[in-house]
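Just below is one structure, and these are the notes that go with it.
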Amino acid sequence: MHDHTAKPQTKAEPSTRVFAVLAEFPSGDEMLEAARKVRDAGYTKWDTHSPYPVHGIDEAMGIRRTILPTIVFVCGLTGALTGLALQWWTSSVYYPVIVSGKPMFSLPANIPIIFELTVLFSAFGAVFGMFALNGLPSLYHGIFNSGRFNSRMSTDRFYISIEAADPKFNRDSARKLLESIGGQSVEVVEERAAVEFPPMLRKWGITALLVLGAFALLPPLYTLRARTRTSEVTRMQLIWDMDQQPRFRAQMKNPLFADGRAMRPQVPGTVARGEAFADDHLHRGLVDGRFAATNALPVTESLLQRGRKKFDIYCAQCHGLDGLGQGMISVRAERLQEGTWVPPLSLHDEVVRTREDGHIFNTITNGIRTMPPYGDQIRVEDRWAIVAYVRALQRSQNATLEDVPSDRRGELP
Amino acid sequence: MVTRMSTTVIREIDNTSNDPRQRPVLITQGADFGPITDSVSAVAEAARPPKIWYVAMGISLCLTGILGASVGYLIWMGTGIWGLQVPVAWGYAIVNFVFWVGIGHAGTLISAILFLFRQKWRTSINRFAEAMTIFAVICAGMFPGIHVGRVWFEYWMFPIPNYLNLWPQFRSPLLWDVFAVSTYMTVSLLFWYVGMVPDLATFRDRSKTRLRQVMYGIFALGWRGSSRQWHRYEVAYLILAALATPLVLSVHSIVSFDFAVSILPGWHTTIFPPYFVAGAIFSGFAMVMTLAIPARAMFNLKHIITLRHLENMNKIMLVTGMMVGYAYSIEFFIAWYSGNPAEAFAFINRAFGPYAWAYWTMVSCNVLSPQVFWFKWCRTSIPVMFVISILINIGMWFERFVIVASSLSRDFLPSSWGYYIPTRWDVLTFAGSFGLFMTLFLLFCRYLPMVAMAEVKSVLPQAGRHPGHGQYWGEITPEENGEDRP
């Protein structure tokens, strides 16, 4: 409100100028009556001051209703929409998670947070909107130059001030008006000249603030960058939680043992559970140190059925249900064309067909070249069942007329 | 104490008469703008607070130290130092949280709901109660904060995605709680502060030293009592009250969801939200009483926080106490009426099981003890109401303890039943939270306007004598006014 353009400031002018004419009233009622008259006298830049809100003063001064309620309404609406959007977007678009079997977007469960954010945003609107409309904080104001005002306004006295910025302002007529309507100890409040910062200080001050502000932006920017990139460096742990607890890992040194090894060898003369590989044929696919030519289990229909089931589970995704190598994984990997994929060998390839049963068993157990091992996932018996089924598959693709029983050859097209 | 009122001796004056021919008198002595300002400011302007303030502050600081030590030890060692043990995996921390949050409801209730109901007597106690609210919510917020054990993961509660881009679970009452309590804290703080701005301006204008002038000046934001400012200020205050009213009801409802949304017998009941809200108001008023009675004596405010104010609060305590009692009995009725054996067992176990001692402590403190307030002499006897208010505080703590411990310790699977025994760290942390609460409160009393001066002034008879507005409280005769000075 301290309008510097009210009077053009010239060098010759003294360092103070009139800010307002101020009158004191002993009670709110008297101030109220007087305010009506000031309003009727046609002043626009004037104000009344009281230690508490005097009822009826809005009407007496002709104060228009504030737009604050509208501001609050808009803020509240923003809060509600924020709450809704936040929950809808995060839990059903960005990272859909099913919680207690509810739909991804379940409004009833979202209402508490929508409500809280509505209230929160509205309250911010009410408080900061009120401060902004009231021009607060403004630690300096021309009226504070009156000692009387400072000592009594907030305690028990009521004031009317007519400001010099008013177009109708004239020091003497304003004074006369205030005196005529019962104003006591009418005084002219002079405004102190504004305290000017030295220009150098201001310039450097602003530069320093800008630089500091820029630096303050660095950490959040760095965090943002880190979040959107991958890195080979392990995550920095400020606090070592349970996933980072000190412990001995494979191949580490351990001074607690005489041999200094963290990995402990098996105790001599013992066999671990499930590792008693007594039968070379069954467990290793070897007969006399060479790959066994035959299946270690009697090949029956139920074995073949089981083998088919397990093949479809464990092998088909790469090799395809027919063993030709067109499994889903292989097809997709070829499509991606990343250059790292070695297509699985067709199981009907000459090489595979001439392998011994024991060799195929070994391939499943230990993997081969780029094919991973499955020994730890498939039981021994099932591995042999798969071998039998692979053999059946191979027969199916390389059959001759001799393979068909003579009495059913007539059914062939 | 240096005060301009030193000529008037503040006495206890009985202004509780409800003679319909007269409007009740709310300020009994020196009911004028100047004297009120003087007596409220005297507390902050005195060169030294009364001796008893130092004693209270000393005790509070010791307790706060204990709090700091036990929280520090907790962070160092982990929650293993507490008595938590399956099946009771929620112990003192949640009990204390609900206890403190409940207390924190009276302030906003007094400032918002009583404001909307135009209960003018609220002006003497609202500031005080709002401050209490804020300090209680600080104590409450501390418990969920520390109970996670690894406090450095506190930010997991905030609505930000973790490094796997997973967001917090927005459908959990625990997350609603985070939103509710932090909104409540923020809004209460704003409400308190906005209400205080004109009074801070009064303190600024009365400052004798430069430091005080600058400090109060900054927080008064340059308030100049302009009617144009008052206009927006009053609208903002009204809106805040209208916002805070549903907020205060929602907060404790959501706190009760923490329990009610689970399927544990004894927790899974629809009566919880209203029952918890009533309990919160009940305990909050009890705490206001516990603090107001010594404070008005300590700081010479018996003429502003009068017997009438205390009596009114006692009436509210009687009402809310009965509401709580009603909720207790309805729980039993529903346990029987539902025909659910698990539910029925939970309640028989509550009243006659291993926690019967806690249950009956709760019933006698919360339901039986406030019944004395049917009698006017009890409602107006300072010692009686002080004792009852403390009993209610105890009872309300036990209410939460009973809900948490008795329900959890004996759930569906008898083979895993247990009995919850808190450790000394549980107890020390709880005791320490009182220290924090009291320290903040004593600092508030000493440095901030304890009574909403501007609001009290606006409801004085002197403020309402202009045409078109009735007088609020009728004439106050000089005798009533206590102006017959000795």
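Since the structure is predicted, the reported quantities are computational estimates derived from the model, not experimental observations. Chain letters run A, B, ... following the sequence lines, proteins first, then strands; residues in each count from 1.
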Take a 6.0 Å sphere around [atom1] of [X] and say whether it holds more than 12 heavy atoms from other residues, nucleotides or ligands.
X      : atom1 : answer
B/F219 : CZ    : no
A/F73  : CZ    : no
B/I263 : CD1   : no
B/M157 : CE    : yes

| field | Audit row: A/Y94, B/N165, side-chain hydrogen bond (donor to acceptor under 3.5 Å, both in side chains) steps and yes/no | value | CA-CA 9 Å; A/Y94 183 69; B/N165 284 339; 3.2 Å; yes
Most chain B-contacting option - heavy-atom pairs closer than 4.5 Å, from [options]:
options                       : result
A/V97, A/I143, A/L86, A/V72   : A/L86
A/P112, A/A126, A/S91, A/P69  : A/P112
A/I63, A/D58, A/I113          : A/I113
A/I67, A/I71, A/L68           : A/L68
A/Y95, A/F149, A/Y159, A/F115 : A/Y95
A/S106, A/S151, A/S27, A/G83  : A/S106

Do [X] side-chain atoms and [Y] backbone N/O form a donor-acceptor pair below 3.5 Å?
X      : Y      : value
B/R228 : A/W46  : yes
B/T183 : A/L120 : no
A/H49  : B/R224 : yes

| said: Under 4.5 Å from any heavy atom of chain B, what part of A/L133 do you find: side chain, backbone, both or neither? | reply: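 Its backbone and side chain both get close to chain B.
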Given the options [options], which has more heavy-atom pairs under 4.5 Å with chain A than any of the others?
options                       : result
B/Y237, B/Y184, B/Y233        : B/Y233
B/G34, B/A201, B/A220, B/A180 : B/A180
B/L166, B/V197, B/V187        : B/L166
B/Q169, B/K457, B/H231        : B/H231

Counting only heavy atoms closer than 4.5 Å, note whether [X] contacts chain A via side chain, backbone, both or neither.
X      : value
B/L164 : backbone
B/F203 : neither
B/E234 : side chain
B/P168 : neither
B/P173 : neither
B/S226 : both
B/I254 : side chain
B/Y193 : side chain
B/T202 : both

| B/R206 and A/T155 side chains, donor-acceptor separation under 3.5 Å |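 Side chains of A/T155 and B/R206: no pair found under 3.5 Å.
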| field | For the student: nearest non-hydrogen atoms of B/S227 and A/D47, plus distance | value | N-OD1, 3.6 Å
| request: Please name the pair of heavy atoms, one in B/A454 and one in A/P51, separated by the smallest distance, quoted to 0.1 Å. | output: CB-O, 3.6 Å
| request: Sort out for me which residue in B/L240, B/I239, B/V194 forms a side-chain contact (heavy atoms from CB on, under 4.5 Å) with A/M130. | output: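 Answer after filtering B/L240, B/I239, B/V194: B/V194.
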| To the nearest 0.5 Å, what is the distance between NE2 (A/H55) and CH2 (B/W230)? |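 Reported value, rounded in 0.5 Å steps: 10.0 Å.
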| request: Measure the acute angle between the ring planes of A/W89 and B/W167, then classify it against the limits of 30° and 60° as parallel, tilted or perpendicular. | output: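 Aromatic pair A/W89/B/W167 classed perpendicular.
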| message | Side chains of B/L190 and A/F128, heavy atoms from C-beta outward: is any pair under 4.5 Å? | response | yes
